[in-house]
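Step one of this worksheet: look at the structure below.
Because the structure is a prediction, the values reported are computed rather than measured.
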Amino acid sequence: GSSRDLDTRANQYCTRFLFNTGMYPEIKKQEKAEVMGLPALALYVEGENPNRVEKAKSKIYLVKKGDRIISFVCHFS
């Protein structure tokens, strides 16, 4: 399973969940946030797909809701 701690989950997100996309993501910035009154973590991620020579920048929110962590991705290339 995945961690229920926001900071630990941020590292897992980049290694476990984004690995299958072919991107090699790197967290450039990480800051505490709040989404709809819930504790959250905002990740600013940059990655590259070497197979397609594409680069991408995303802002990912990891939101703690009860004992679950929900993610929202805002993509901006």
Within this structure, what is the CG-NZ distance for the pair L43 and K28, rounded to the nearest 0.5 Å? 13.5 Å
Where do L62 and L6 come nearest, in terms of heavy atoms and distance? O-CD2, 3.5 Å
With E34, which residues qualify under side-chain contact (heavy atoms from CB on, under 4.5 Å), at least two apart? none
Quick check for you: to the nearest 0.5 Å, what is the distance between Y61 atom OH and L41 atom CG? 10.5 Å
Atom CZ in R9, atom CD1 in I69: separation rounded to 0.5 Å? 5.0 Å
Walk me through it: do D7 and Q30 pass the test side chain to side chain contact (heavy atoms under 4.5 Å, CB included)? CA-CA 9 Å; D7 293 315; Q30 180 175 319; 3.1 Å; yes
Short side-chain to backbone donor-acceptor contact, K64 and R4, under 3.5 Å: yes
Under the side chain to side chain donor-acceptor pair (under 3.5 Å) rule, collect the residues that match up with T8, sequence neighbours excluded. D5
Locate the shortest heavy-atom distance separating A10 from I27; write the atom from each residue and the value. O-CD1, 4.0 Å
When you look at E26 and E46, which way does the side chain to side chain contact (heavy atoms under 4.5 Å, CB included) test go after all the steps? CA-CA 5 Å; E26 180 182 350; E46 292 183 17; 5.6 Å; no
Shortest non-hydrogen separation from V35 to A40 and the atoms involved: CG2-CB, 3.9 Å
